Amino acid sequence: MKKDFYITTPIYYPSAKPHMGHAYSSIVADFFARFKRIQGYDVFFLTGTDEHGQKIQRAAEKRGMDPKSFCDEISKTFFDLSKTLNLSNNDFIRTTEKRHEKSVQYLWNILEKKNEIYLSKYSGWYSVSDEAFYSDDEIELVNDKKVSKTSGSIVEWVEEESFFFKLSKWQEPLLKFYKENPNFILPESRRNEVINFVKSGLKDLSVSRKSFSWGIKVPSNKEHVIYVWLDALTNYLSALNFPDTNNKLYKSFWPATIHLIGKDILRFHAIYWPAFLLAAEIKPPKRVYGHGWILSGEEKMSKSKGNILDPIEIINKYGLDPLRYYLIKEVSFGNDGNISQDKLENCINSDLANNYGNLCQRVISFLEKNLEMKVPNNFEFNIDDKKILDTFNKDFNKLVDSIDSQDINYYVNFIQEQLFASNKYFNDQEPWKKKENKKRLNTILYVSLELIRKISVMLYPIIPNSSLKVLKAFNISEESIDINSIKLHENLKINQKLNKISILFKKIEKND
RNA sequence: GGCGGGGUAGCUCAGUUGGUUAGAGCGCGGGACUCAUAAGCCCGAGGUCAGUGGUUCGAUCCCACUUCCCGCUACCA
């Protein structure tokens with residue numbers, strides 16, 4: 001059984017500053033990466049920026065900058081965000097790097113050599129004001145002039161020399177590929193969209209541009225730059241040192257386990273990308289998951305409160321882990337999620353402060369007052385104790401499966417149930433009434449500590465900083481965190497002295 | 001227009017391969033306790049499961065229609 005796991009975020013297009021959608025993709029990818037690491041996998045987690053294309057070139061010109069300096073500046077904001085979000089990425093790739101350029105040109109050459117690319121003319125009705133091409137049925141005749149039906153702007157017939165990728169040829173192979181790999185595109189509803197699209201017929205794809213220069217040159221014809229998507233998608237290979245397919249990274253991690261993307265760029269990842277790769281005889285990735293969008297409640301966009309969608313502002317105000325937890329917990333993964341400051345505050349108070357934070361606090365402070373912070377030694381589990389501890393092994397396989405099938409919500413719900421159960425356990429056992437029964441008191445505390453340990457391990461991929469505060473207080477180092485340890489009931493060494501922890505999550509004062 | 005998904009408690013959502021009292025979290029009301037971040041625990045109120053019609057012994061779940069919302073319908077990324 002191979003224990004390698006390669007996960008990617010989209011590489012972000014730095015034409016504007018990072019928003020909540022970027023943060024969401026990254027946070028979820030980090031969640032999977034961290035989980036697989038504590039499951040013992042060798043993980044390669046990649047993120048980065050996609051820096052070529054006309055839009056960037058124009059944005060740079062507007063600012064009176066050369067495109068590269070412009071990209072350096074904006075790419076840095078995304079790099080900084082990856083730090084702010086505490087991402088555990090192994091690499092941060094930029095498409096303006098030499099290693100990437102080499103990789104893209106190499107892929108291009110393969111395609112060209114295999115006759116998958118040919119030179120022809122791109123023609124169509126182009127609207128200068130819309131910066132868009134329209135097909136015959138999208139234009140109409142008004143006052144003897146051809147205009148776009150949608151925008152009404154005048155269109156003109158344009159022809160431009162362009163290289164084409166023989167996408168049409170890959171229609172049937174793609175459909176076959178989807179059929180043989182039913183989980184290649186997830187969630188299922190998205191897969192159906194893609195399959196319908198492919199079934200409706202694929203035209204050859206224009207994969208070069210002459211109209212602007214900010215991109216990777218076509219090796220055989222320097223007047224052309226390579227189409228941004230062929231360029232951008234290849235980043236997933238470049239970071240593994242492609243075209244050197246004999247190096248360790250490539251051999252271990254390709255094909256990628258999962259490309260995590262937003263639903264808006266599904267087509268590029270689910271159609272073009274596997275088509276390019278099949279054509280080049282490179283294995284396509286194993287899975288493409290198109291998650292939903294993060295939306296903010298309509299009335300929440302008030303100017304006075306500021307824009308909820310700005311991840312940096314939210315993190316400054318509430319902290320990183322609360323945002324990570326909130327996004328992972330409350331967004332139904334795969335669907336669009338409505339977020340609001342109000343919901344975030346509720347989530348922090350109930351789930352993090354009252355439930356998890358307070359559980360840690362009440363148990364540890366009880367341990368301090370009664371057992372001088374030492375893990376109890378003389379104890380014996382009864383049926384109730386065993387039952388609550390056993391939940392974790394009973395459902396362990398389901399938990400692991402939920403991650404492998406990207407059922408994040410199952411995973412988080414399980415944690416929440418265990419938090420409720422643990423608080424209830426402490427309540428029902430009433431250790432404060434058992435001070436004369438030392439052995440029972442020891443047992444209740446040992447069980448409670450074990451529950452906190454197990455839950456904190458499970459929380460590590462979601463809220464690494466907070467989880468680590470607890471685990472470190474339990475003398476568990478980050479490197480030694482192992483998801484399999486939640487199956488153990490006596491993992492905490494007896495008599496060891498634990499450390500105090502400060503309040504994990506401060507409650508938000510609600511004023512209304 | 002075509003294809004697809006959806007309308008379930010105040011809010012966010014789960015669920016039912018059709019079967020006695022439809023679930024969770026949050027919010028709300030009440031109770032007992034006190035280790036804890038006035039946290040936690042227990043109990044409770046709240047739903048004609050979008051509407052209409054049909055199939056069925058029986059439908060929230062199947063079918064048809066109506067209505068509302070959303071997604072996809074290729075070369076901006």
Side-chain angles (χ1 to χ4, degrees), chain A residues 10-16 50-56 58 122 124 130-133 135 137 162 164-165 167 187-209 227-232 262-268 271-272 290 292-293 295 297 329-332 335-340 342-343 345-347 349-370 409-410 412-413 416-417 419-420 422-435 441 444-445 448 502-507 510:
Chain A
I11 47 172
Y12 304 117
Y13 201 66
S15 55
D50 170 19
E51 307 179 17
H52 290 131
Q54 193 168 32
K55 263 193 194 172
I56 298 281
R58 290 216 177 130
Y122 186 83
D130 298 351
E131 295 177 24
F133 280 94
S135 62
D137 53 350
S162 171
F164 282 82
F165 169 72
L167 185 63
E188 211 177 304
S189 56
R190 299 279 156 215
R191 178 174 75 229
N192 295 334
E193 280 177 14
V194 170
I195 290 176
N196 283 338
F197 182 85
V198 174
K199 275 186 181 159
S200 74
L202 295 177
K203 287 192 286 189
D204 288 352
L205 183 70
S206 160
V207 287
S208 75
R209 298 285 187 275
Y227 174 49
V228 257
W229 272 106
L230 177 49
D231 170 348
K263 62 182 183 181
D264 49 326
I265 53 173
L266 185 62
R267 174 180 310 142
F268 307 99
I271 300 174
Y272 300 169
W293 286 344
L295 310 169
K329 156 96 188 301
E330 298 237 316
V331 176
S332 167
N335 298 323
D336 291 352
N338 262 293
I339 63 169
S340 75
D342 198 46
K343 290 265 174 55
E345 291 181 352
N346 280 341
C347 180
N349 285 351
S350 46
D351 283 36
L352 296 176
N354 293 348
N355 219 338
Y356 177 56
N358 187 236
L359 174 70
C360 297
Q361 209 58 41
R362 70 195 297 205
V363 171
I364 288 179
S365 108
F366 200 91
L367 186 75
E368 183 183 16
K369 284 177 188 163
N370 296 279
N409 301 99
Y410 176 89
V412 184
N413 287 340
Q416 196 179 19
E417 279 168 21
L419 282 170
F420 287 137
S422 302
N423 267 313
K424 179 171 166 54
Y425 172 85
F426 203 72
N427 250 60
D428 292 352
Q429 298 299 326
E430 300 182 308
W432 49 91
K433 287 185 186 167
K434 304 277 162 53
K435 295 193 180 173
L441 183 74
I444 295 167
L445 276 172
S448 300
S502 50
I503 298 290
L504 288 173
F505 303 97
K506 267 202 237 152
K507 290 193 71 169
K510 312 261 299 184

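Just so we're on the same page: letters track the sequence lines, and every chain starts at 1. Just so we're clear, the structure is a prediction, and the values are computed from it rather than from any experiment.
For the C1' atoms, the distance from B:C33 to B:C43 is 14 Å, rounded to whole Å. Atom P of B:C62 sits at a distance of 31 Å from the matching atom of B:A74, rounded to the whole Å. One P atom belongs to B:G54, the other to B:U17, and the distance between them is 25 Å to the nearest Å. The gap from the C1' atom of B:A14 to that of B:C26 amounts to 14 Å, rounded to the nearest Å. The gap from the C1' atom of B:G6 to that of B:C49 amounts to 14 Å, rounded to the nearest Å.
Distance from the side chain of A:Trp229 is smallest for B:A77 among the nucleotides B:U37, B:A77, B:G25. For A:Gln416, taking side-chain heavy atoms from C-beta onward, the closest of the listed nucleotides B:G25, B:C35, B:A77 is B:G25. Here the side chain of A:Ser332 is nearest to one of B:U37, B:C13, B:C35, namely B:C13. When distances are taken from the side chain of A:Asn354 to each of B:G40, B:C41, B:A77, the shortest belongs to B:G40. Here B:C75 is the nucleotide among B:C35, B:C41, B:C75 with the atom lying nearest to any side-chain atom of A:Tyr227. Candidate nucleotides B:C33, B:C35, B:C75 were compared by shortest atom distance to the side chain of A:Glu430, and B:C33 ranks first. Closest approach to the A:Phe420 side chain among B:C35, B:U37, B:C26 is made by B:C26 (side chain taken as heavy atoms from C-beta onward). Taking the side chain of A:Lys369 as heavy atoms from C-beta on, and the options B:C41, B:C76, B:C35, the nearest nucleotide is B:C35. Comparing B:C33, B:U12, B:A39 by their nearest atom to the side chain of A:Lys343 picks out B:U12. Looking at the side chain of A:Gln361, the nearest of the listed nucleotides B:A74, B:C35, B:U37 is B:U37.
Around atom CD of A:Glu188, no more than 12 heavy atoms belonging to other residues, nucleotides or ligands sit under 6.0 Å away. Heavy atoms of other residues, nucleotides or ligands lying less than 6.0 angstrom from NZ of A:Lys434 number more than 12.
With both pairing distances under 3.5 Å, B:A64 is matched to B:U52 as a Watson-Crick or G-U wobble pair. Searching all strands for a Watson-Crick or G-U wobble partner of B:C11 with both distances below 3.5 Å returns B:G25. Pairing partner, B:C41: B:G31, with both Watson-Crick or wobble hydrogen-bond distances short of 3.5 Å. Across the strands present, B:G1 finds its partner in B:U73; the criterion is a Watson-Crick or G-U wobble pair with both atom distances under 3.5 angstrom.
When all heavy atoms are compared, the tightest approach of A:Ile56 to A:Glu51 is CG2-O, 3.5 Å. In terms of heavy atoms, A:Phe164 sits closest to A:Ser162 at CD1-O, 3.4 Å. The heavy-atom pair separating A:Asn409 from A:Lys329 by the smallest distance is ND2-O, 3.6 Å.
Atom CZ of A:Phe426 and atom P of B:U34 are 14 Å apart (whole Å). If you measure from atom CG of A:Asp428 to atom P of B:A32, you get 17 Å, rounded to the nearest angstrom. Summarising the geometry, the separation between CZ on A:Phe268 and P on B:C72 is reported as 12 Å, rounded to the nearest angstrom. Rounded to whole angstrom, the span from the CD1 atom of A:Ile56 across to the P atom of B:A77 amounts to 11 Å. In this structure, A:Lys329 atom NZ and B:G25 atom P are separated by 10 Å, rounded to whole Å. The separation between A:Tyr425 atom OH and B:C42 atom P is 16 Å, rounded to whole Å. Between the C1' atom of B:A74 and the CD1 atom of A:Ile271 lies a distance of 8 Å, rounded to the nearest Å.
Side chain A:Lys424 to base B:C41: no donor-acceptor pair is found below 3.5 Å.
Counting any heavy atom pair closer than 4.0 Å across all strands shown, A:Ser189 reaches no nucleic acid atom. Contact annotation for A:Asn423: backbone-only contact, meaning every heavy-atom pair under 4.0 Å involves sugar-phosphate atoms and none involves a base. Within 4.0 Å of A:Asp50, counting heavy atoms only, lie sugar-phosphate atoms of the nucleic acid but no base atom. Residue A:Leu202 is classed as a base contact, given a heavy-atom separation below 4.0 Å to a base. Within 4.0 Å (heavy atoms only), A:Gly357 reaches at least one base atom of the nucleic acid.
Close placement of the A:Trp229 and A:Phe268 rings is indicated, their centers lying within 6.0 Å of each other.
Within the structure, a side-chain polar atom (N or O) of A:Asn335 is placed less than 4.0 Å from OP1 or OP2 of B:A14. A sub-4.0 Å separation between OP1 or OP2 of B:G71 and a side-chain N or O of A:Lys263 is absent.
Partner of A:Ile444 under the side chain to side chain contact (heavy atoms under 4.5 Å, CB included) criterion, chosen from A:Trp432, A:Tyr425, A:Phe366: A:Tyr425.
Because its glycosidic torsion is more than 90° from 0, B:G58 is reported here as anti.
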Q: Show your working on side chain to side chain contact (heavy atoms under 4.5 Å, CB included) between A:Glu330 and A:Ile339 and close with a plain yes or no.
A: CA-CA 8 Å; A:Glu330 298 237 316; A:Ile339 63 169; over 6 Å; no
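Using a 5.5 Å limit on the distance between ring centres and a 30° limit on the angle between planes, the aromatic ring of A:Phe366 does not count as stacked on the six-membered base ring of B:C35.
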